[in-house]
Amino acid sequence: MHIFTPNHVSLVSACYPPSSVLLSAGPEYRPNAQELSRLTYYATNRPGKIHKLGAELEKHCKNECTKALAGNARARASLLITLAILRALAVECRRDISLLSPSLLSCLKITLNLISSDLEISARAASVLTAWCTYTNGHDIGVDAGMTQNYLVVLGLFAKLSTTEIKSVDYELRNRTRLVGLAAITGVVTSEALYFSSTQFKSQVSKIIRALLFHILHPDPKTLDECTFAIKDNTPSVYMAEFRTRPPDQRRAASIHVHVDGESGPSSADILTASLRAFSFLLQHSNAAQIGLLLQAAFETMDDQQLWTRADQCRWFSRKACEWTQYQYRYAVPSRLVERLLETQDSPLSTDQQRTLTKMLTTVFTSPIPLVNLSTSDIVSNLITMVLRTVSVNPDDQLLPLLVESISSLGTHVYYSDQIQDLASELITRLVTIEANGLPFLDRDDYNKRRSQAIRCLLAGLSGLIQAADALRKEDHENTSEPLILLNSRTSSPISPSPQRKRVSGEIWYETLNLLCDPDYAVRSDYAHTLVTYLRQELAKHGTSGSSTKRSRKSMEENSPIQTNINISLCGDHSTRSLHATHAYLFMLATTSTFGSPADHSPSPAHSLNGDLASVGVSSMTPSGDPSGPSIEVEVQASRPSSSRRSAGTITRSRKASNTQRLLECTPRKVSSASLASLSDHALILHVLTTIHEELPMRGLLTGVPMLLSLDAASQIKNESDLSARQRAHAVREVLARVWLVIGRVWECADLIKLAKNALASSQGSTIIPQVAAFSPGVLRPPAEQVMFPPVTEPQMVAEWSHVNAEEALSGQQKRPSTTPSNGLIHTDP
């Protein structure tokens, strides 16, 4: 060597074996150990010379790559040694790695651009990149433009290598090549180079996700679960070492090997396992903003690779994305899914992407993975917006049942006491708005269909939400003896552990009762079933601790003090006032001659400033000057301010009083041929009343008997020649007989049971009330078909049978000690 050769050049050159023995240096192709030690010692003690060493190695790399590309075997061997020297310098000069970074990345770029098809060279280059990723702090990424560009090019080349398709039947070679690329990607996802620069994270993660999803979203979910279980084992992989999460000075860089003697080549399962390991590392190290960018990159990849049709794999992806993300950042996954769904709402027809996104969202909410910091109110508001937008485009879209299921799944996890009440308030607010004002649909021909479908979708979501929350409460009660302590969302302080959540208040539910008299039977049917779900699972059962629907006399006497329930009925809590209003609307449904038109609905009057509730009560009384019998009366009562904190979504109720008054003014006192209630409507009335008396015996009795008396009086028609009116009156009487039978069984009143059974037996099989169709909360079913009254032309077509005399039924019920109030609340007028 020339006497004037610079020292750093001499040190680098001395690391290479003589040219004559380069080929015999294989298969390891390592630099001279002693000379390499001198080189690294020199670089460690003189950091200012590192950039000169890097420039010299870069020259070697360019020259060797050019010759190796032409088939020069010695140049190829020399290139492998150059890469080994670069790795050694990266490991030993870890404290000054930033000084070596530009030259190191430039060498990798040159090597991979020219001869990336050589698997051994690619593996040596991957080892160099992994060593650099292990020790770099990432501060130069985004600052040094040239180095950043080289780094992104190198990352893209390794990502391309991990998805390479080799035109050969040698699948082992293809898998080895892919595994080398995945090893380099794994080094990047465990490095600060990826996470430090917020501006460069997206450009990096888009390349990484594209490579990983190529492998993850093609196998079936069962295979994915098996490989996921495999990565839980901390045993180092045969093909790559585990990466250490230690301070930079204590880290050990992984070494990438092409082949281990005596071992068979990697299988497809090994490729998938490596991809899943890298994906889990990526999620575990990302914060909320980075998770959002990661998911955005994933969505773009699914678009490009047309992966939205693989719904099962996408659902698996969303579930694991939540599971592997840090606990405090998991909320970013469903939030980004909803944002992406809203970005697609302008599509004229639902797409595979929309359907798959909705399924992914439902999977996240129904999984056992806990989520914190999630704004459930924003989620449900956005989903409702998506529902209404979809209905406005196509009321029969296949996306609607999926959106309903997703809304319902929000009740699976309860994170604060008012969560379900707040979500129900949001749904009810939209229901009231649509019911009162409609939706601005341009196509008037389909206006009624679109309006009804929108209401039915929200009702299905509301019932499913309640059902999911109640199922969760029962599961928690069965699985633990100690109730879960929830946090108040506004104070972040522990609240009373019992009950776990607040039930949906009757004040909130009161706004929806108008739907019992909706012009569309499909809406009336779905609402009645939703009301039954609410009565069974949400309406507070004062004085009861069990869940049985039928209470024995002993349990009622022990657990439900009569005087307490009477005071509730007289003074009125929100549940009792809601029951009063329910009975009033049921009476109107049975007798009204007009349901109105959706187009006639107008906004209700403004609510009072203090938000008091206007309740509707039904009383059995005989007004002076009218000896015809019981009548129905509306009582507007202002409720006392609630002592508990009002939910953010609580709606004021006073505007409903005027609507109810208007409907009652159109309601006749007698059933007539003009009554619009069908046989199906009478079945719904019976279904709701049965639920009230089975689930809420005392309050059902105190609030319901006056309505039963009024309905009995309304069925007493004088014009026997009006066959249609007689037909409808008989349907009302059948409903009453069956309700009295339910009351008798609940209260174990033998006289009342006998009276009701005799009345039903006298019909001689001519009962006409149809069975109620099966209903699954949270499922958007097809519109229910209405069963109308058959036309009657001859008197004999209307069978005669003795109905239950209301006065006798009431007298028989009063004979029971447990149902005889001392204050005479229920009485028979002399």
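Sequence positions, counted from 1, serve as the residue numbers for this chain. Below, each value reflects all heavy atoms present in this structure, side chains not excepted, and no hydrogens, waters or symmetry copies.
Ring planes of Trp316 and Trp324: perpendicular class, angle over 60° (limits at 30 and 60°). Ring pair His413/Tyr415 is parallel by interplanar angle, where below 30° counts as parallel and above 60° as perpendicular.
When ring centroids are compared, Phe279 and Phe317 come within the 6.0 Å threshold. The distance between the ring centers of Phe196 and His139 falls below 6.0 angstrom.
Under the 4.0 Å criterion applied to side-chain N and carboxylate O atoms, Glu538 and Lys502 are not assigned as salt-bridge partners. A salt bridge is absent between Arg503 and Asp418; no separation between the charged side-chain nitrogens and carboxylate oxygens falls under 4.0 Å. Under a 4.0 Å N-O distance rule, the pair Glu323/Arg319 does not qualify as a salt bridge. The pair Lys449-Asp520 does not count as a salt bridge, with every side-chain nitrogen at least 4.0 angstrom from each carboxylate oxygen. Classification of Asp526 and Arg456 as a salt-bridged pair holds, one side-chain N sitting under 4.0 Å from a carboxylate O. A salt bridge is absent between Lys222 and Asp225; no separation between the charged side-chain nitrogens and carboxylate oxygens falls under 4.0 Å.
The shortest distance between side-chain heavy atoms of Lys202 and Gln290 does not fall below 4.5 Å.
In this structure, a donor-acceptor pair under 3.5 Å is absent between the side chains of Arg178 and Thr163. Counted by atom type alone, Asp397 and Ser350 present one or more donor-acceptor pairs between their side chains at under 3.5 Å. A donor-acceptor pair shorter than 3.5 Å cannot be found between the side chains of Thr362 and Arg315. For the 3.5 Å distance criterion, the side chains of Tyr527 and Thr512 qualify, holding a donor opposite an acceptor.
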